[in-house]
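Working notes for the structure below.
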Amino acid sequence: MRGTHGEKIVATLNGDKTPELDKPRLQAAIRRYDQWIISLNEAHGDGLEDIVKKLVDLLNEYKNYIDLDLIFDSPEDFLYRQKGQLKLDNTVIEEFLPIFVKKCIDNVFGTCNFEISSQTATFSSVYFASSLSNPTIGGGISIKTKDQDFSMSRKLFLKSSYEPNFSPDKTVTLETHLGYILAELKTNLDKTMFQEASATAHDVKLAVTGAKYYLLCDYLDMTPISTATTDIDEILIMRKAKRISSNIRKSFNTYSGRQALREWYANYLTAHPYDWKMFKRFIEHIISQMRNEDLVEESVLEVGYF
């Protein structure tokens, strides 16, 4: 079964509006995608840094193929102009990140007992749709969830009943996921996205007080703002670069414009690859949370702080 990004390629191939000239290229992209997933799953490394570098190298190679060879080089303008709707490019990192995190955790701990995925509906809040005149079974308990671009979660089961013995016919049982590590993924981070992520991070931590929330973007499209006053734990700029200026981007809307600037764009991608150090920083945040041990009085007195 193909993941989020693979499904987008297939959907674009089968789309009614997709130009005929692009279909053989999309078929080739599906084959390239399948091989990429195999390579990611087979990758192994000698220690954390080594596996991070190998996985990020595979990401850069494949992402450049999607951005440059598939979308940018298309003789039609459909794939480039409809990038926002087709999501061929921005779902690459969405599918990569869960594989990356699981491989790294397995490398460090040997196993992982979390559910790691993209677009998982994680717990947001609980409410009771009942009243004095209409008590409803289990108090009318309902759960609100929110899809997250990336999540490390645990499955949780809840029971609600007015009776202490939870008799089956008078009990409601619900299933949800508690998100502990959550990340929003953006291609270009602007101020509006930053504000929306700040609000989401606040809601996340109201629902699960021990949750950590990160914002990962490819390119920065705003003046940096401190996260100190927000509930975002950290913003990571994965390519360490600013977004291409609008006066250059407007030339990309036509095939002739793209071809005229192809060498420039190829050099830009090469100069600003996904930085393996940013991915290592992200996974180290996760590992530090997994190693978070209970405070012991003796050890606290020994170091002098906690």
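Please read these numbers as outputs of a predicted model, since none were measured by experiment. The residues of the chain are indexed from 1 along the displayed sequence.
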Intermediate values then yes/no, salt bridge (Lys or Arg N to Asp or Glu O under 4.0 Å), Asp67 and Lys83:
CA-CA 10 Å; Asp67 286 344; Lys83 283 199 304 179; over 6 Å; no

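- For the pair Lys242 and Tyr219, the NZ or CZ position fails the cation-pi test of under 6.0 Å to the six-membered ring centre and within 45 degrees of the ring normal.
- Taking the six-membered ring for Trp and thresholds of 30 and 60 degrees, Trp264 and Phe252 have ring planes inclined between 30 and 60 degrees apart.
- The ring of Tyr214 has its center closer than 6.0 angstrom to the ring center of His285.
- Within a 6.0 Å sphere centred on CD of Glu163, other residues, nucleotides and ligands contribute more than 12 heavy atoms.
- The CG atom of Leu86 lies 8.0 Å from the CD1 atom of Ile71; values are rounded to the nearest 0.5 Å.
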How far apart are the C-alpha atoms of Val108 and Met290, what are their side-chain angles, what is the distance that settles it, and do they pass the side-chain contact (heavy atoms from CB on, under 4.5 Å) test?
CA-CA 11 Å; Val108 174; Met290 295 178 69; over 6 Å; no

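- In Lys102, the NZ atom is not crowded: 12 or fewer heavy atoms of neighbouring residues, nucleotides or ligands sit closer than 6.0 Å.
- The hydrophobic cluster containing Ile143 does not contain Val204, counting ILVMFWY residues as joined when their side-chain heavy atoms lie under 4.5 angstrom apart, directly or transitively.
- Phe78 and Tyr255 have their aromatic ring centers separated by at least 6.0 angstrom.
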Begin from the C-alpha positions of Leu97 and Phe279 and carry the test side-chain contact (heavy atoms from CB on, under 4.5 Å) through to its verdict.
CA-CA 9 Å; Leu97 202 58; Phe279 283 91; 4.1 Å; yes

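- Ion pairing of Asp57 with Lys53 is absent here, as no side-chain N (NZ or NE/NH1/NH2) approaches a carboxylate O to less than 4.0 Å.
- A donor-acceptor distance shorter than 3.5 angstrom exists from the side chain of Thr254 to the backbone of Gly257, with no hydrogens or angles considered.
- Counting only distance, with no hydrogens or angles, the side chain of Thr145 and the backbone of Thr122 share no donor-acceptor pair below 3.5 Å.
- Of the possible polar contacts, none joining the Ser151 side chain to the Ser153 backbone as a donor-acceptor pair under 3.5 Å is found.
- Two residues are said to be in side-chain contact when any heavy atoms from C-beta on lie closer than 4.5 Å; Arg239 and Asp275 fail this criterion.
- From Thr227, atom OG1 reaches atom CD1 of Ile235 across 6.0 Å, with rounding to the nearest 0.5 Å.
- A donor-acceptor pair is defined here as one N or O able to donate and one able to accept, closer than 3.5 Å; such a pair exists between the side chain of Thr136 and the backbone of Asn134.
- A side-chain donor-acceptor contact under 3.5 Å links Asn247 and Ser245.
- The backbone N or O of Thr12 sits less than 3.5 Å from a side-chain atom of Thr18, completing a donor-acceptor pair.
- The two residues Gly140 and Ser130 come nearest to each other via the heavy atoms N-CB, 4.4 Å.
- Between the CZ atom in Phe150 and the CD1 atom in Ile116 there is a gap of 6.0 Å [rounded to 0.5 Å].
- Annotation: cation-pi pair Arg2/Tyr33 absent, no NZ/CZ under 6.0 Å from the ring centroid and within 45° of its normal.
- Using modelled atom types, one side-chain atom of Ser74 and one backbone atom of Glu76 make a donor-acceptor pair closer than 3.5 Å.
- Side-chain contact annotation: Asp149 with Ser118, donor-acceptor N/O pair under 3.5 Å absent.
- The cationic group of Arg32 does not satisfy the cation-pi geometry with Tyr62, failing either the under 6.0 Å distance to the six-membered ring centre or the 45° limit from the ring axis.
- A donor atom on one side chain and an acceptor atom on the other are found under 3.5 Å apart for Thr91 and His5.
- Scanning all heavy atoms of the two residues, the minimum distance from Ala183 to Phe282 falls at CB-CZ, 4.3 Å.
- The minimum heavy-atom distance between Ile237 and Asp218, with the atom names listed, is CG2-O, 3.7 Å.
- Ring-plane geometry between Trp36 and Phe96 is classed as parallel, the angle between the planes falling under 30 degrees on a 0 to 90 degree scale with a further cut at 60.
- Counting heavy-atom neighbours within 6.0 Å of Lys23 NZ, excluding the residue itself, gives a total above 12.
- The closest side-chain heavy-atom distance from Gln289 to Ile181 is below 4.5 Å.
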Any chance you could lay out the salt bridge (Lys or Arg N to Asp or Glu O under 4.0 Å) test for Glu284 and Arg281, step after step, and finish with the verdict?
CA-CA 5 Å; Glu284 284 176 340; Arg281 183 175 179 85; over 6 Å; no

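- Under the 4.5 Å side-chain criterion, counting only non-hydrogen atoms from C-beta, Lys87 is not in contact with Thr4.
- The NZ atom of Lys8 sits 8.5 Å away from atom CG of Asn90, with the distance rounded to the nearest 0.5 Å.
- With Ser161 contributing its side chain and Thr171 its backbone, the two residues share no donor-acceptor pair below 3.5 Å.
- In terms of heavy-atom proximity, Tyr162 sits nearest to Pro135 at OH-O, 2.8 Å.
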Evaluate Val172 against Lys159 for side-chain contact (heavy atoms from CB on, under 4.5 Å), listing each step before the verdict.
CA-CA 6 Å; Val172 175; Lys159 280 187 176 183; over 6 Å; no

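- Within 6.0 Å of NZ on Lys54 lie more than 12 heavy atoms contributed by other residues, nucleotides or ligands.
- Using a 4.5 Å heavy-atom cutoff, the side chains of Lys205 and Asp233 are in contact.
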Under the side-chain contact (heavy atoms from CB on, under 4.5 Å) rule, what do Ile51 and Phe100 come out as? Steps first, then yes or no, please.
CA-CA 9 Å; Ile51 189 65; Phe100 168 80; over 6 Å; no

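- Looking at Asn107, its side chain never comes within 3.5 Å of a backbone N or O of Lys103 through a donor-acceptor pair.
- The shortest heavy-atom contact between Leu68 and Ala266 is CD2-CB, 3.9 Å.
- Between Gln35 and Arg31 the shortest side-chain heavy-atom distance does not fall below 4.5 Å.
- Separation of atoms CD1 (Ile225) and OG1 (Thr229) is listed at 8.5 Å; rounding is to 0.5 Å.
- The number of heavy atoms from other shown groups lying within 6.0 Å of CG (Asp46) does not exceed 12.
- The closest side-chain heavy-atom distance from Leu88 to Ile9 is below 4.5 Å.
- Using modelled atom types and a 3.5 Å distance limit, the side chains of Tyr213 and Glu184 yield a donor-acceptor pair.
- For Asn60 (side chain) and Tyr274 (main-chain N/O), a donor-acceptor pair under 3.5 Å exists by modelled atom type.
- Each of Arg25, Arg258, Arg262 was compared with Asp73 under the salt bridge (charged side-chain N to carboxylate O under 4.0 Å, His left out) criterion, and only Arg262 meets it.
- Side-chain atoms of Asn267 come within 3.5 Å of backbone atoms of Glu263 as a donor-acceptor pair (strictly under, hydrogens ignored).
- When all heavy atoms of Ala43 and Leu58 are compared, the pair lying nearest together is CB-CD1, 4.3 Å.
- Considering NZ of Lys170 and OG of Ser167, their distance stands at 6.0 Å, rounded to 0.5 Å.
- In summary, Arg154 and Glu115 do not engage in a salt bridge, as defined by a charged side-chain N under 4.0 Å from a carboxylate O.
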